[in-house]
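For reference, the structure discussed in these notes is given below.
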Amino acid sequence: MRILIAMLMMAATASPLMAQDLSADATLNALVKQTDGNQGLVQEYTKQDGTFKVGSVGFNAAATGAKTYLNVSAAGLGSGEESGELSLNMGTLAIKASENTMYHRQPYIKTGMIANGTFYINTNEKITDDRWNNGKYNTANVMDESFKRTESDMSVSYTCPKTGDYSMHVGQWEEKENGDAATKSSGKVMQTYVDRSHKLLDLGFDAKLGDHGAVAYDYTQGSFSDDAAGVLISTTASFYWQKAKAPAFRMDMHGLAFRSQPLKGYSVTGSVMSRTREALVSGYKMGSYTATLGAAHRFGEKLAVTVKGYGRTETITENDNFWFMNSVKNSIPSSTKQGETSQPDKTNFTGEFMAKYDLSDKLGFSLGYKLDHNYNRHAGTEIFTASQTYIDGGYVAANTQYNEFARKSTKNIYTAGANIRLPMDAELGLGYKAVRANKAMFESLPTTSDEYNADFYMPIKGSLSFIGSAMAMNGKNEKSNHTNSNDHQNSYLAGLEWNNEKYNAGANYAFDQTSSHSDAYYAGYSPWGAAYVVTNPPVRVLGELYQYKNDTIGLHASAKLGSECVLMGDSSYTRSLAKSPVLINFADGYVTDTEPSDIRMVNSGLNLKYSPKGKNLSADLGVRRAQWNDKLNSENSGWVNSASLSLSTKF
Amino acid sequence: MKLKNFDCIVAALAALVVCAGAASAQQAATYVGSDTCVACHSEQAAAYNKSLHGKTIPLVKKIAADKACETCHGAGSLHAAAAGDKTNPGFATIKNPAKQKGSDASAVCFTCHNQKKVMLWDTGTHAAKGLTCNTCHSVHNGNGSKNLKKDVNALCYDCHKGKKAEMSLPSHHPLQEGKMTCTGCHNPHGGALGNLNGETVNETCYKCHSDKAGPYAHEHAPVAENCGNCHKPHGSANQNLLKQAQPYLCLRCHKSEHSVPVMPSSRSGFSNKVLDLVKRNCYDCHKDIHGSDSSAGFGH
């Protein structure tokens with residue numbers, strides 16, 4: 001809001017002084033909403049709810065002079081979700097500023113499960129009393145938590161007036177998040193606080209080097225802080241853990257990039273970057289260096305070749321002096337522990353080759369190869385299990401790393417594609433991508449994957465056209481038989497579009513199905529006692545299937561009604577089905593089960609725009625309905641109806 | 001129509017006068033000034049003059065107003081002398097960046113644009129696929145401060161149609177709500193790694209999700225390696241943009257962990273069965289899964 005006000009003041013001051021030509025329009029908005037049910041999902045990114053009534057103001061003003069250009073706009077003033085933008089250019093000096101606000105709802109999403117065809121909501125998720133909320137928000141409605149996010153950006157750039165070839169800039173970007181969120185711990189649901197701030201200060205310059213080259217440098221300093229009050233989270237009534245705040249850090253980054261076109265059709269680019277981020281409480285420090293070098297060359301009109309290299313190292317400098325409280329019991333530290341002292345340090349090198357060959361206007365090919373090599377120093381020394389663990393018919397000793405993070409992983413990625421212009425102006429694009437790795441970075445990732453895709457476009461008749469695309473992917477981790485992990489994806493998309501001078505209409509449909517199989521190990525041990533390791537060896541369930549399917553249908557149409565009215569409508573429907581495997585523990589044995597999820601989303605609207613000829617007034621009347629329907633758990637469902645009227649006038 | 005033809009003839013004559021004595025197409029073209037260009041291309045000139053591009057670039061880059069057109073299109077004497085006759089060799093001597101390929105097209109824009117964000121364009125993914133600046137920008141008719149042909153998201157969705165469908169799934173970033181654009185994460189001009197704004201996937205995410213950046217005293221290795229190991233940033237059927245629902249997502253790496261609490265239950269009592277769900281989601285207890293300064297198990 002501060003930047004927004006500064007922008008308005010700057011605009012108000014600058015425009016009359018410089019303007020030879022002023023234009024402006026203002027909009028007055030009225031909005032009425034009717035809501036029901038859980039708004040956390042149907043209106044995830046806005047706070048306007050209930051019987052919400054709001055009047056807000058927006059405007060757009062431009063002032064142009066012989067040597068100046070000023071544009072300032074704002075929307076939603078008075079609604080609590082304002083946005084604004086300013087662009088002022090006075091030849092060698094340019095100022096840009098913007099501010100956007102948004103609410104992000106963080107409600108408690110209730111869980112439940114299907115048993116014998118009946119859905120049972122999880123009644124054991126208790127919304128806690130004030131004890132769990134430090135006595136502060138004992139009336140908290142955890143179904144209606146949200147925080148406000150404000151993003152502001154401002155930059156000033158100055159170009160050397162002598163040649164125009166050298167510029168420098170200074171800028172500040174800031175993000176603030178403030179409010180509440182629902183959180184859950186072992187069935188206890190409570191309110192937690194959000195109060196974060198992230199700021200980036202940027203200083204840099206760019207310069208043209210001769211006729212065919214340029215260089216740019218940036219220094220960025222960042223700072224992050226989490227000032228939210230601590231919340232006590234409990235696993236039992238007598239055992240309190242304090243929710244950790246996100247660590248405050250300071251970040252410094254230097255970046256240099258250059259390009260050169262020494263010969264016609266030949267380009268070279270490169271960049272180097274260093275970044276450090278130091279956690280201010282723990283003293284842990286991340287340092288990274290990144291470098292890229294690329295070259296592109298066009299051989300005549302038909303063949304273009306690009307080669308690129310990317311290298312990066314990331315090192316964590318541990319602070320051996322950092323000890324933390326293991327837990328807090330009745331506010332008394334129960335013990336202290338040292339942070340990890342051998343975090344993985346990462347090195348990544350990527351080499352890439354891309355070629356594009358246009359045989360003719362009707363046929364083109366592309367080929368690509370990418371080598372992606374990763375080396376993780378210290379990987380494998382990290383302790384993932386604090387207790388003895390039963391795995392694959394044997395026991396892994398306590399404090400032994402098992403969940404493998406590959407020390408070395410090399411991927412070879414091959415791509416091929418073709419673009420074909422068919423009769424009747426139809427276009428067909430075909431693509432293939434293969435990944436072959438010697439080792440997956442993590443167990444769940446594939447070492448082998450093949451992806452096929454096709455895109456098709458065809459003008460059918462006159463102003464009617466069709467688009468379609470299909471994609472299929474199969475991936476498998478062939479280098480490990482611990483989980484026999486594999487993934488599959490199929491997606492299809494089709495659309496029709498029709499346009500003429502008065503009418504426009506379109507329809508599209510998208511289908512996406514993703515599935516994966518993985519052996520899963522359940523109930524291996526309990527963190528509360530090593531006894532379970534012996535009495536309760538893990539249950540290995542082969543080929544557990546996870547699957548989701550999404551269908552999305554979209555419709556839109558518009559019609560010019562006479563010369564002054566336009567009627568527009570749009571509607572989208574999404575059906576999202578998922579099946580997730582679980583293992584249920586009964587006293588007399590385990591039962592594998594699948595937990596379904598079935599979400600239906602509808603969003604439809606109708607707008608009538610009226611712009612009378614010869615008048616500086618226009619009106620926009622709109623109605624909209626959005627619905628989120630959880631077919632299994634109505635606790636998450638909600639809908640919102642809204643009606644809006646906007647009146648705009650030009651000055 | 002007749003008037004337009006007449007204008008062209010006048011322009012051609014003017015160019016001939018300017019180029020008197022050097023009218024042969026074999027000779028190098030010379031600058032004729034914008035007035036000559038406008039005589040035939042008045043619509044383009046009017047749109048250009050109204051745009052932010054037209055108002056600011058000549059001022060900043062010290063381009064004389066009468067050379068505005070030829071700064072990008074090259075010297076126009078021979079083109080003007082051809083007077084619209086495409087068979088005249090001089091006609092094709094004018095540069096049209098919208099029809100040029102590869103670095104020839106970008107070289108025109110790089111005459112003025114030196115910003116760091118466009119520096120890696122020539123070797124970027126889009127350029128390698130044959131796109132040019134004019135694929136997305138319209139110098140004469142573009143909108144807003146970026147001279148884009150459409151709104152950012154609509155422009156990207158023209159080619160990346162599958163991403164538009166993903167953005168309509170239950171869990172998504174606020175693009176369809178108008179609170180974010182594709183350029184919030186992507187640099188379409190080419191970044192150090194693909195078309196991302198940051199030099200890694202994680203550094204891209206950390207700009208807004210800075211509470212996950214750490215470094216932590218206990219890093220969760222797949223988190224520190226790539227956010228995309230667990231999340232689908234363009235949209236998901238699962239909460240929090242997760243690739244799969246819990247506990248399955250976690251169990252794909254974590255073998256033999258305690259995904260099911262050990263507690264007395266019975267097959268006959270479904271209410272007891274529901275009790276098992278208390279700890280079904282790993283995140284319920286492992287709250288600090290993105291990293292922790294206080295627990296190797298990310299529990300608190």
Side-chain angles (χ1 to χ4, degrees), chain A residues 45 69 87 89 91 102 115 120 122 124 159 164 184 187 198 206 208 214 216 224 241 244 246 257 259 267 269 279 282 284 286 290 292 294 296 298 306 308 324 339-340 354 389 391 403 405 442-444 510 518 520-524 526 538 546 548 552 574 576 578 580 583 585-587 599, chain B residues 52 55-56 59-62 102-103 107 114-116 119-120 122-123 128 130 145 161 165 168-170 174 177 179 192 199 210-211 215 217-219 221-222 237 244-245 248 251-260 262 264-267 270 273-278 284-285 288 293-294 300:
Chain A
Y45 296 110
Y69 184 94
S87 177
N89 200 300
M102 176 186 89
Y120 292 85
N122 190 348
N124 292 284
T159 303
K184 190 169 81 168
H198 187 204
D206 56 74
K208 198 174 167 186
F224 169 78
W241 283 343
R259 64 166 178 80
S267 302
T269 70
S282 69
Y284 277 60
M286 186 282 293
T290 308
T292 68
R298 171 166 283 279
T306 304
K308 285 198 292 189
F324 60 91
E340 286 171 36
M354 291 176 281
T389 305
I391 294 171
N403 295 308
F405 177 21
F442 297 95
E443 180 76 33
S444 61
S518 180
Y521 297 78
Y522 294 99
S526 164
Y546 175 84
Y548 73 66
T552 305
T574 300
S576 188
S580 183
L583 188 81
N585 174 25
F586 290 107
I599 308 292
Chain B
L52 178 63
K55 289 190 175 299
T56 59
L59 286 168
V60 176
K61 299 297 176 181
K62 302 295 167 192
S103 56
N114 300 322
Q115 299 97 318
K116 188 160 170 263
M119 207 61 81
L120 305 181
D122 278 340
T123 54
S145 62
K161 294 181 175 70
S168 64
L169 296 183
E177 287 81 0
K179 309 278 187 181
E199 73 270 30
S210 36
D211 54 318
H218 300 280
E219 298 277 4
Q244 287 116 18
Y248 184 78
L251 293 176
R252 294 192 72 185
C253 282
H254 292 273
K255 299 175 278 291
S256 188
E257 302 291 335
H258 48 276
S259 67
V260 179
V262 179
S265 303
S266 73
R267 282 179 194 274
F270 286 126
K273 182 181 177 183
V274 172
L275 195 67
D276 288 346
L277 278 178
V278 168
D284 284 358
C285 296
D288 296 328
D293 279 346
S294 58
H300 47 96

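Residue numbers begin at 1 in each chain, while the letters A, B, ... track the order of the sequences.
- Counting heavy-atom pairs closer than 4.5 Å to chain B, the top-ranked of the candidates A/A296, A/A257, A/A510 is A/A257.
- Most heavy-atom pairs under 4.5 Å with chain B: of the set A/F224, A/Y45, A/Y69, this distinction falls to A/Y45.
- Contacts between B/Q244 and chain A at a heavy-atom distance below 4.5 Å involve backbone atoms as well as side-chain atoms.
- The two residues B/C253 and A/F442 come nearest to each other via the heavy atoms SG-CB, 3.9 Å.
- Residue A/K208 touches chain B through both its backbone and its side chain, counting heavy-atom pairs closer than 4.5 Å.
- Between A/T574 and B/L169 there is a side-chain heavy-atom pair separated by less than 4.5 Å.
- Within the model, atoms CG of B/N114 and CZ of A/R259 stand 5.5 Å from one another, a figure rounded to the nearest 0.5 Å.
- Looking at A/M286, both its backbone and its side chain come within 4.5 Å of chain B, counting heavy atoms on both sides.
- Residues satisfying the side chain to side chain donor-acceptor pair (under 3.5 Å) test with A/Y546, not counting sequence neighbours, are B/N238.
- Taking every heavy atom of both residues into account, A/T290 and B/E199 meet most closely at OG1-CG, 3.6 Å.
- Annotation: maximal heavy-atom pairing with chain B below 4.5 Å, among A/A520, A/S444, A/G294, occurs at A/S444.
- Using a 4.5 Å cut-off between heavy atoms, A/S518 contacts chain B through both its backbone and its side chain.
- A distance of 11.0 Å separates CZ of A/R298 from CG of B/D122, quoted to the nearest 0.5 Å.
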